[in-house]
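A quick note: this is a predicted structure, and the numbers were derived from the prediction, not measured. Hydrogens, waters and symmetry mates are skipped; everything else that's a heavy atom, side chains included, is used.
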Amino acid sequence: MNQVQKLSDTEMELMEVIWEWTPPVTSTELLALFAERGKEWKAQTISTFLSRLVDKGALTAARHGRTNKYTPRISPEEYKLTETQHVLDGLYQGSVKNLISALYDGDKLSDEDIAELKQWFSEK
């Protein structure tokens, strides 16, 4: 799995769009797509975020003439797993039991959630 630094909310928003797209994607295509969704970004803004994503290891950039084409280096599932592992290690000493216990003690797990977890664990 590729190592990627933690992404900001805006970087994550950009990555989610890139993951939906058929790679590679250009900044011009992304600008148009976000404009359709009601988010008007300037070209420099999106270029800055794309550069950060390359620096963080989330994207690769390939130069084609005067245009960069960007391709994800990590899948959404890989990124989620990496972030989950960071939370687990940082807050719960790497223990899934400690995480689930915190959710249970904080009344964040419904009876349905608990039943689903029991079923899932029994199938593993």
Side-chain angles (χ1 to χ4, degrees):
M1 177 179 1
N2 296 311
Q3 289 299 320
V4 175
Q5 295 176 28
K6 182 167 180 49
L7 304 180
S8 70
D9 290 344
T10 303
E11 291 165 344
M12 191 65 194
E13 180 182 4
L14 194 53
M15 282 303 296
E16 287 171 350
V17 169
I18 293 169
W19 283 321
E20 291 172 8
W21 199 270
T22 303
V25 63
T26 66
S27 60
T28 303
E29 291 169 328
L30 290 168
L31 280 170
L33 186 64
F34 277 103
E36 287 174 13
R37 295 179 178 192
K39 190 162 198 164
E40 297 289 335
W41 276 348
K42 293 182 180 177
Q44 185 59 46
T45 302
I46 205 155
S47 291
T48 299
F49 279 113
L50 290 168
S51 293
R52 287 181 189 166
L53 287 165
V54 169
D55 292 344
K56 289 183 173 188
L59 295 175
T60 59
R63 193 92 170 143
H64 294 276
R66 296 180 61 203
T67 305
N68 279 337
K69 293 190 176 189
Y70 299 91
T71 304
R73 291 188 64 222
I74 189 169
S75 71
E77 295 76 20
E78 288 171 321
Y79 182 73
K80 288 174 189 174
L81 180 60
T82 299
E83 282 304 301
T84 301
Q85 194 62 52
H86 285 294
V87 169
L88 199 60
D89 292 343
L91 297 177
Y92 301 101
Q93 299 75 46
S95 169
V96 173
K97 180 193 145 301
N98 289 348
L99 169 65
I100 292 173
S101 176
L103 292 171
Y104 182 78
D105 292 342
D107 292 328
K108 296 295 181 187
L109 291 176
S110 67
D111 290 340
E112 184 179 323
D113 290 333
I114 293 168
E116 288 177 13
L117 282 169
K118 284 180 181 178
Q119 178 67 34
W120 184 83
F121 279 119
S122 72
E123 293 172 0
K124 293 291 174 185

Rounded at 0.5 Å granularity, tell me how far [atom1] in [X] sits from [atom2] in [Y].
X	Y	atom1	atom2	value
L91	H86	CG	NE2	12.0 Å
T60	I74	OG1	CD1	12.5 Å
D113	L103	CG	CG	9.0 Å

Cluster check [X], [Y]: I/L/V/M/F/W/Y, side chain < 4.5 angstrom:
X	Y	answer
V4	V87	no
W21	L31	yes
L81	W120	no

Quick check: closest heavy atoms across [X] and [Y], and the distance to 0.1 Å?
X	Y	value
M15	A58	CE-O, 3.8 Å
L88	S95	CD1-O, 3.4 Å
M12	W19	CE-CZ3, 3.6 Å
T71	P23	CG2-CB, 4.0 Å
Q119	S122	O-OG, 2.8 Å
S27	I46	CB-CG2, 3.9 Å

Can you establish whether the number of heavy atoms outside D105 located under 6.0 Å from its atom CG is more than 12? yes
Is the backbone N or O of R52 less than 3.5 Å from a side-chain atom of D55, with the two atoms forming a donor-acceptor pair by type? no
Pairs where [range] contributes a residue and the test salt bridge (charged side-chain N to carboxylate O under 4.0 Å, His left out) is met, not counting sequence neighbours:
range	value
residues 81-102	K6-E83
residues 22-40	E13-K39, E20-R37
residues 59-70	none

Testing E116, K118, E112 one by one against I114 for a side chain to side chain contact (heavy atoms under 4.5 Å, CB included), which residue passes? K118
For the residue pair W41 and F49, categorise the inter-ring angle as parallel (less than 30°), tilted (30 to 60°) or perpendicular (more than 60°). parallel
Go through S101 and N98 one step at a time and tell me if the side chain to side chain donor-acceptor pair (under 3.5 Å) criterion holds. CA-CA 5 Å; S101 176; N98 289 348; 6.0 Å; no
Tell me, do [X] and [Y] make a side-chain contact under 4.5 Å, heavy atoms counted?
X	Y	answer
T28	T67	no
L50	L30	yes
R73	V54	no
Y70	L53	no
L14	L7	no
L59	I18	yes

